[in-house]
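Have a look at the structure that comes next, please.
Reminder, nothing fancy here: chain letters follow the sequence lines and each chain counts from 1.
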Amino acid sequence: MPETATETLSETVNAWFREHARELPWREPGCSAWGILVSEFMLQQTPVARVLPQWQAWLERWPTPAALAAVPAGEAVRAWNRLGYPRRALWLHACAVAITEQHAGVVPADVDALLALPGIGPYTARAVAAFAYGVRVPVVDTNVRRVLARAVDGQAEPGPPSATRDLAAMAAVLPVDEAEARVFNAGAMELGAIVCTARAPRCVDCPLASVCAWRAAGYPAYNGPRRAVQKKYEGSDRHVRGLIMRELRAAHAPVTDAELDALWTDDVQLARALSGLLADGLAVRDPGGEGYVLP
DNA sequence: ATCCTGGGAT
DNA sequence: ATCCCGGGAT
């Protein structure tokens, strides 16, 4: 029998995960560290269902970091297609270059080495170390923060993110055993994604029901500061950037100013979006002179 | 603290 | 039709 509440938490989550985990290709035992790294880049922003086909195609085309590093960054941006946040395609390419040049083409297992790579932050570094190499480190994404806020702290929602506090909170409930810690990292995330969801948690199906501090407290409502509402996408700079990127991806010849002008009526906003893309390196002036192309 | 994309949920 | 999402960079 478990001797502490912490053991109960991880044992319960792990038993649930072994039973209910979705079968995903990047969770297969044979999946390479590179495959796991690519999945983490894509999943930073996009639900599993949309990532699946993109991930398969990506790994068939670029099965190793060196393969991706060997093509221009623009190829990565084009293949990224509609996953959104195309800067991440650029970062993933830069990451492949760095792995190839600085790590002999092998995805590093060390958290600090991973953190030094482009596009890899506190979450992705630990996710790759834990899931690709079995390193016992706390992996904290927004799902995990929510699960811990509810099950452990009895709060409806986590407070504002704090890397040190969040990592310490997960470390405090992480199993000592390396293999169990890896399962718990994945399981806590999966529970947050599938059952302990933000808006409509399926508490009826939750394996932690008997342990959950939020449930024990009678599901008190969140009374902390509300997150600022995000600007509408329609008509935003993001929207215009998206239109320009779509044009650049579809084109196999430089996109002219006239073609860009046709995309959006507000010239000022269009120019702002374009200069932003140039500054980000997502678009470059065609060396030949006319128009713009992918890097 | 703010920006970045494009879909899916409500 | 509107709301919501989320890790990394700056």
Item to complete: Quick one: which residue pairs count as a salt bridge (Lys or Arg N to Asp or Glu O under 4.0 Å) with a foot in residues 172-198 of chain A, not counting sequence neighbours?
Response: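 For residues 172-198 of chain A, and leaving out neighbouring residues, the salt bridge (Lys or Arg N to Asp or Glu O under 4.0 Å) pairs sorted by first residue read A:R18-A:E180, A:R22-A:E190, A:R27-A:E190.
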Discussion item. Whole angstroms only, please: what is the CZ-P distance between A:R87 and C:dG8?
Written reply: 13 Å
Validation: residues 105-113 of chain A side-chain donor-acceptor distances under 3.5 Å, sequence neighbours left out:
{"residue": "A:D110", "atom": "OD2", "partner": "A:D112", "partner atom": "N", "Å": "3.2"}
{"residue": "A:D110", "atom": "OD2", "partner": "A:A113", "partner atom": "N", "Å": "3.0"}

Fill in: Pair listing, side chain to side chain donor-acceptor pair (under 3.5 Å) test, anchored in residues 57-75 of chain A, at least two apart
A:R61-A:E75
Practice prompt. Grab the CH2-C1' distance between A:W80 and B:dG7 for me, whole Å please.
Written response: 15 Å
Worksheet item: Mapping A:A200 and A:G84 to their closest nucleotides on DNA chain B, which lands nearer the 5' end?
Response: A:G84
Worksheet item: Can you list every pair that meets ring pair (Phe, Tyr, Trp, His ring centres under 6.0 Å) and has a residue in residues 90-130 of chain A, with sequence neighbours left out?
Response: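 For residues 90-130 of chain A: none.
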Worksheet item: Starting at CG of A:L83 and ending at C1' of B:dG6, how long is that distance when rounded to a whole Å?
Response: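 So the two atoms are 10 Å apart, to the nearest Å.
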Discussion item. Near DNA chain C, counting only heavy atoms under 4.0 Å, which residues of residues 49-58 of chain A show up?
Written reply: none
Item to complete: Specify the residues of residues 109-124 of chain A, ordered by number, for which at least one heavy atom lies under 4.0 angstrom from an atom of DNA chain C.
Response: A:P118, A:G119, A:I120, A:G121, A:P122, A:Y123, A:T124
Fill in: Residue pairs passing the ring pair (Phe, Tyr, Trp, His ring centres under 6.0 Å) test where at least one lies in residues 248-295 of chain A, sequence neighbours excluded
A:H239-A:W264
Worksheet item: Heavy atoms, side chains only, cut-off 4.5 Å: are A:R272 and A:D237 in contact?
Response: yes
Worksheet item: If pairs are Watson-Crick or G-U with both distances under 3.5 Å, what is the dot-bracket string of DNA chain C, marking crossing pairs with [ ] and pairs to another strand with |?
Response: |||||.||||
Discussion item. Applying salt bridge (Lys or Arg N to Asp or Glu O under 4.0 Å) as the test, list every pair that has at least one member in residues 275-292 of chain A; sequence neighbours left out.
Written reply: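 Matches after skipping sequence neighbours: A:R87-A:D280, A:R241-A:D280.
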Worksheet item: Rounded to the Å, how far apart are A:D280 CG and B:dT2 P?
Response: 19 Å
Worksheet entry | Pairs where residues 128-148 of chain A contributes a residue and the test salt bridge (Lys or Arg N to Asp or Glu O under 4.0 Å) is met, not counting sequence neighbours | A:R145-A:D166
Item to complete: Not counting sequence neighbours, list each pair that qualifies as a ring pair (Phe, Tyr, Trp, His ring centres under 6.0 Å) and has a residue in residues 8-37 of chain A.
Response: A:W16-A:H20, A:W26-A:W55
Discussion item. Between A:W80 and A:M42, is there a side-chain heavy-atom distance shorter than 4.5 Å?
Written reply: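 Answer yes - side chains close enough.
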What nitrogen or oxygen pairs link the protein and nucleotides 2-5 of chain C at under 3.5 Å?
{"residue": "C:dC5", "atom": "OP2", "partner": "A:R227", "partner atom": "NH2", "Å": "2.5"}
{"residue": "C:dC5", "atom": "N4", "partner": "A:Q230", "partner atom": "NE2", "Å": "2.9"}

Worksheet item: To the nearest angstrom, how far is A:R272 atom CZ from B:dC3 atom P?
Response: 11 Å
Worksheet item: Base, sugar-phosphate, or nothing for A:L43, non-hydrogen atoms under 4.0 angstrom?
Response: nothing
Practice prompt. Starting from P on B:dC3, measure out to CD on A:Q269 and report it in whole angstrom.
Written response: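 For the pair A:Q269 CD and B:dC3 P, the rounded distance is 13 Å.
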Item to complete: Specify the separation, in whole Å, of atom CG of A:D237 and atom P of B:dT2.
Response: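 Atom CG in A:D237 sits about 16 Å away from atom P in B:dT2.
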Discussion item. Measuring only between side-chain heavy atoms, which start at C-beta, is A:V13 closer than 4.5 Å to A:V147?
Written reply: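 Side chain of A:V13 against side chain of A:V147, heavy atoms only: no contact under 4.5 Å found.
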